Amino acid sequence: MTVPCVPPEELVGFGALLQYYDNLASQWVTVGGTKDLDFPEDTTEAIDTTSNDTADGYRTNIPAPLAALGQVSYTMNFRWSQWSVLVNMKQNKTITDWRIVLMNPQQTYMEWCAWIMSLSGAVPMEDLVTGEIGLSPTGAPTWGELL
């Protein structure tokens with residue numbers, strides 16, 4: 001059963017939220033929000049299967065058996081209460097589940113496993129830290145709706 005995403009008070013009105021899964025607490029934790037967040041690019045490479053006797057002079061390609069999620073970088077407003085957690089996750093190279101939840105009526109989300117590659121921030125104002133987080137995905141994405 002999915003649980004609806006209720007934004008913390010300081011992030012009400014944001015169009016998309018970034019969350020990670022806290023295994024110890026068995027819950028999703030909202031770390032920040034922004035107007036828009038891009039999903040990681042999902043790509044599949046081509047494998048060249050052209051033989052030397054190709055009659056039409058064109059390469060023959062098939063899709064590779066493995067796909068890859070691209071690295072993402074988000075500029076957003078982070079919750080001050082989560083900032084030190086993110087710093088520790090980066091230092092410890094923690095691999096965990098992340099998801100982007102769109103604050104549309106269905107609360108569409110994309111979930112994937114990743115670690116924090118980069119993290120920057122500016123002096124906090126009104127319980128928010130403006131900064132950038134870079135995530136490097138590993139594994140396959142999951143799509144769904146919370147409502």
Side-chain angles (χ1 to χ4, degrees), residues 1-8 10-11 13-122 128-147:
M1 181 177 136
T2 58
V3 178
C5 177
V6 178
E10 64 267 31
L11 296 177
F14 285 84
L17 301 177
L18 180 65
Q19 300 179 319
Y20 71 87
Y21 191 75
D22 184 339
N23 287 311
L24 295 175
S26 298
Q27 66 182 7
W28 287 97
V29 178
T30 302
V31 296
T34 189
K35 182 179 175 185
D36 299 307
L37 291 179
D38 295 329
F39 295 120
E41 184 179 10
D42 190 350
T43 60
T44 302
E45 298 292 328
I47 295 176
D48 183 357
T49 60
T50 309
S51 64
N52 288 335
D53 60 351
T54 302
D56 61 6
Y58 284 89
R59 291 186 180 273
T60 305
N61 296 311
I62 61 170
L66 297 176
L69 288 181
Q71 297 174 3
V72 289
S73 182
Y74 301 124
T75 300
M76 58 190 325
N77 294 301
F78 295 98
R79 297 174 65 203
W80 179 244
S81 63
Q82 288 299 313
W83 187 251
S84 61
V85 175
L86 295 175
V87 169
N88 286 331
M89 289 173 72
K90 183 185 180 309
Q91 289 175 345
N92 296 328
K93 299 170 180 57
T94 304
I95 298 174
T96 191
D97 290 327
W98 292 84
R99 75 178 178 186
I100 295 172
V101 180
L102 304 180
M103 292 288 98
N104 59 8
Q106 302 81 20
Q107 291 194 347
T108 305
Y109 70 88
M110 179 185 188
E111 179 183 330
W112 71 98
C113 191
W115 69 90
I116 300 173
M117 290 185 55
S118 62
L119 186 63
S120 66
L128 294 175
V129 176
T130 301
E132 189 167 310
I133 187 169
L135 298 172
S136 183
T138 178
T142 304
W143 292 86
E145 294 179 346
L146 299 176
L147 297 178

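Remember, predicted model here, so these are calculated numbers, not experimental data.
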ask   = Could you give all pairs that pass the salt bridge (charged side-chain N to carboxylate O under 4.0 Å, His left out) test and reach residues 70-80, with sequence neighbours left out?
value = Glu10-Arg79

Partners meeting side chain to side chain contact (heavy atoms under 4.5 Å, CB included) with Ile62 (sequence neighbours left out) = Ile47, Thr49

remark   = When every non-hydrogen atom of Met117 is compared with those of Ser136, the smallest separation belongs to SD-CB, 3.1 Å

Solution key, residues 96-106 side-chain donor-acceptor pairs under 3.5 Å, sequence neighbours excluded:
unit_1	atom_1	unit_2	atom_2	d
Thr96	OG1	Tyr21	O	3.0
Trp98	NE1	Ala114	O	3.4
Arg99	NE	Gln19	OE1	2.5
Arg99	NH2	Gln19	OE1	3.0
Asn104	OD1	Gln106	N	3.4
Asn104	OD1	Gln107	N	2.6
Asn104	OD1	Thr108	N	3.0
Asn104	ND2	Thr108	OG1	3.0

inquiry  = Filter on ring-ring contact (aromatic ring centres under 6.0 Å, His included), then keep only pairs touching residues 32-52, sequence neighbours left out; what's left?
reply    = Phe39-Trp143

inquiry  = Quick check: closest heavy atoms across Pro40 and Val72, and the distance to 0.1 Å?
reply    = CA-CG1, 3.4 Å

request  = Mind checking the CG-CG spacing from Leu135 to Leu69? Nearest 0.5 Å is all I need.
outcome  = 11.5 Å

inquiry  = Please check if the number of heavy atoms outside Glu45 that lie under 6.0 Å from its CD is greater than 12.
reply    = no

note = Tightest non-hydrogen contact, residues Cys5 and Pro7, listed as O-CD, 3.6 Å

key: Over all atoms of both residues, closest heavy-atom pair of Pro137 and Gly70   = CG-O, 3.2 Å

remark   = The side chain to side chain contact (heavy atoms under 4.5 Å, CB included) partners of Ile95 (sequence neighbours excluded) come to Cys113, Trp115, Thr138

Quiz: residues 82-91 side-chain donor-acceptor pairs under 3.5 angstrom, not counting sequence neighbours:
unit_1	atom_1	unit_2	atom_2	d
Gln82	OE1	Tyr20	OH	2.9
Asn88	ND2	Ser84	O	3.3

ask   = Are Ile133 and Ile116 side-chain neighbours, meaning at least one heavy-atom pair lies under 4.5 Å?
value = yes

task = Could you grab the distance from atom CG of Leu18 to atom OH of Tyr74, nearest 0.5 Å is fine?
result = 7.0 Å

remark   = All heavy atoms of Pro141 vs all of Met110, minimum pair found to be CB-CE, 3.2 Å

query = Judged by atom type as modelled, is there a donor-acceptor pair below 3.5 Å linking the side chain of Asp48 to the main-chain atoms of Thr50?
reply = yes

ask   = Which distance, rounded to the nearest 0.5 Å, do you find between the OG1 of Thr75 and the CD of Glu132?
value = 4.0 Å

note = On a heavy-atom basis, the closest approach of Ala64 and Thr44 is O-CG2, 3.5 Å

